[in-house]
Participant: 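This is the structure I want to talk about, given as structure tokens.
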Amino acid sequence: MDLTLSEEQEQLRDLARDWVEREVVPHATEWDRAEQVDTKIVGKLAELGFLGLGIDEEFGGSGGDFLDYALVMEELGRGDTSVRGIVSVTLGLVAKTIQAYGTVEQKQRWLPSFCSGETLGCFALTEPGTGSDAGNLVTRAVRDGDDWLISGEKIFITNGTWAGVALVFARTGNPGPKGVSAFLVPTDRAGFSRREIKGKLGLRGQATAELTLDNVRVADAERLGELGEGFKIAMKALDKGRIAVASGSVGLARACLEASVAYAGERTQFAKPIASYQLVQEMIAEMAVETDAARLLVWRAADLVDRGQPFGTAASMAKLFASEAAVKAANQAIQVFGGYGYVDEFPVGKFMRDARVQTLYEGTSQIQKLLIGRALTGISAF
């Protein structure tokens, strides 16, 4: 693996870094307090081409490879994980899945509007009773002539109240993963309702929702992929999604490191900067090492995707290590800041709240360990 970025990738990373510093970082605390990211950010993301990374230009995309996408996810994660989620769900989980499995008509209908920011997408897999055990979801799609009637509930759906289309996974056959199919459901359909979830510990600016589908009618032409292929489609999307979460976690850990270095150089105790104390330097050194290690795991996984090689285990390793590193970095950053780290005038308390969920969604840390263990031993523990 070549660990050197191309000139174009360096420029892309710098573009994203500068934009995040101007357009995201100054507003992150305000959005967190208001529990609402400014919706104008969507258009700005689209103007930069960030909502079209990896999408074919014929469908309005900006092209690029998976490492390009990972680089931008890191920068967005450094600025505000809630903003990163807008892109990684609409683009990473929905648009790229349509590009991989959709018909020409489905691509023409949805991809240009995703890339332009006109439409956002959400990935409706998790249910009140099924998180890690997604193969046993209970939302059901019943055939009705040339249509399907979908009924069920989904929970913790990122972009759920903003999305114009939901990629809904529903049971069309027997119990188990092989009985699940995927559907592209416009959110303005009769019977489709959504409620925003407020009071979250972190990701407070992100539109997270509970979805209810009551006999929502969709045409068979709105089914994505083959009948019974839904679980496979979801898992393929989540494999790549884990790299995006890991990239964002690297950005969040980097934000913790940068804030800690700056604060430790300014804050004095016992007549000298706290950066001069060995135990403070130890925490900063650990943050730096683990952030760099996490980034290399992300780049390895992204490189495997770009070379068409198996990447699932590498993605799980990256997601596991980077998400846990972000939590540790945020905890250490609060320690560096002391009491000031506990109030939201400073950013590190928000970093901790946002970091914690990285170990939960798109596969918990425990699920990642089981996936890695299965890959190494050939034996499934679940």
Side-chain angles (χ1 to χ4, degrees), residues 5 8-55 60-64 67-92 95 113-122 158-159 161-164 200 202-208 244-245 247-259 261-262 291 295 326 330 333 344-351 353-355 357-358:
L5 298 180
E8 291 78 10
Q9 287 170 329
E10 293 276 10
Q11 291 171 348
L12 176 64
R13 183 176 63 178
D14 291 344
L15 171 67
R17 185 169 296 178
D18 293 344
W19 181 81
V20 165
E21 195 62 33
R22 292 193 317 272
E23 300 287 346
V24 178
V25 172
H27 307 292
T29 297
E30 172 192 347
W31 293 339
D32 183 67
R33 290 170 176 167
E35 295 192 65
Q36 174 71 62
V37 168
D38 187 345
T39 57
K40 293 178 182 177
I41 203 75
V42 175
K44 295 177 181 179
L45 289 163
E47 288 174 7
L48 291 166
F50 292 166
L51 285 170
L53 286 168
I55 300 299
S62 47
L67 182 54
D68 294 336
Y69 174 62
L71 294 173
V72 172
M73 290 302 100
E74 177 180 334
E75 298 306 324
L76 294 179
R78 184 216 173 261
D80 190 341
T81 301
S82 292
V83 175
R84 195 270 302 165
I86 294 171
V87 180
S88 62
V89 172
T90 293
L91 172 60
S113 63
F114 287 148
C115 296
S116 69
E118 179 184 350
T119 303
L120 293 180
C122 65
T158 300
N159 294 345
T161 54
W162 288 13
K200 303 191 299 289
L203 299 182
R204 294 174 69 86
Q206 189 175 90
T208 306
V245 173
S247 302
S249 296
V250 172
L252 206 162
R254 200 182 91 222
C256 294
L257 172 63
E258 292 171 356
V261 169
T291 300
R295 182 182 296 110
D344 70 356
E345 180 182 350
F346 295 87
V348 293
K350 177 181 182 300
F351 294 161
R353 292 186 287 105
D354 286 349
V357 76
Q358 311 300 311

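Residue indices begin at 1 and follow the sequence shown. Atoms considered below: every heavy atom in the structure, side chains included; atoms not considered: hydrogens, waters and symmetry mates.
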Participant: Under the rule for side-chain contact (heavy atoms from CB on, under 4.5 Å), what residues qualify as partners of Ala333, not counting sequence neighbours?
Facilitator: Cys256, Ser260, Val348

Participant: Holding to salt bridge (Lys or Arg N to Asp or Glu O under 4.0 Å), I want the full list of residues that pass it with Asp68, two or more places apart in sequence or in another chain.
Facilitator: none

Participant: Taking only residues two or more places apart in sequence, or in another chain, which ones meet Glu118 in a salt bridge (Lys or Arg N to Asp or Glu O under 4.0 Å)?
Facilitator: none

Participant: Would the distance check show the side chain of Ser62 and the main-chain N or O of Gly52 forming a donor-acceptor pair, the cut-off being under 3.5 Å?
Facilitator: yes

Participant: Which side chain to side chain donor-acceptor pair (under 3.5 Å) pairs, counting each pair once, include a residue from residues 43-55, with sequence neighbours left out?
Facilitator: Glu23-Lys44

Participant: Using the test side-chain contact (heavy atoms from CB on, under 4.5 Å), find all partners of Glu10 that sit at least two apart in sequence or belong to another chain.
Facilitator: Leu5, Arg13

Participant: Going by heavy atoms in the side chains, are Trp162 and Thr90 under 4.5 Å from each other?
Facilitator: no

Participant: Please report, to 0.1 Å, the donor-acceptor pairs under 3.5 Å made by any side chain of residues 80-87, with sequence neighbours excluded.
Facilitator:
residue: Asp80; atom: OD1; partner: Ser82; partner atom: N; Å: 3.0
residue: Asp80; atom: OD1; partner: Lys350; partner atom: NZ; Å: 3.1
residue: Ser82; atom: OG; partner: Gln206; partner atom: N; Å: 3.3
residue: Arg84; atom: NH1; partner: Ser88; partner atom: OG; Å: 2.8
residue: Arg84; atom: NH2; partner: Gln358; partner atom: OE1; Å: 3.3
residue: Arg84; atom: NH2; partner: Tyr361; partner atom: OH; Å: 2.8

Participant: My understanding is that only residues two or more places apart in sequence, or in another chain, count here; which of them pass ring pair (Phe, Tyr, Trp, His ring centres under 6.0 Å) with Trp19?
Facilitator: none

Participant: Not counting sequence neighbours, which residues clear side-chain contact (heavy atoms from CB on, under 4.5 Å) with Glu21? List them please.
Facilitator: Val25, Arg78

Participant: My understanding is that only residues two or more places apart in sequence, or in another chain, count here; which of them pass salt bridge (Lys or Arg N to Asp or Glu O under 4.0 Å) with Asp344?
Facilitator: Arg33

Participant: Under 4.0 Å between a side-chain nitrogen and a carboxylate oxygen: does that hold for Asp354 and Arg204?
Facilitator: no

Participant: Quick one: list whatever passes side-chain hydrogen bond (donor to acceptor under 3.5 Å, both in side chains) with Thr29, sequence neighbours left out.
Facilitator: none

Participant: With sequence neighbours excluded, tell me which residues meet side-chain hydrogen bond (donor to acceptor under 3.5 Å, both in side chains) with Arg254.
Facilitator: Glu74, Glu75, Glu258

Participant: By ring pair (Phe, Tyr, Trp, His ring centres under 6.0 Å), which residues pair with Tyr69, not counting sequence neighbours?
Facilitator: Phe66

Participant: Have a look at Leu120 and tell me which of Leu91, Thr39, Val42, Thr158 forms a side-chain contact (heavy atoms from CB on, under 4.5 Å) with it.
Facilitator: Val42

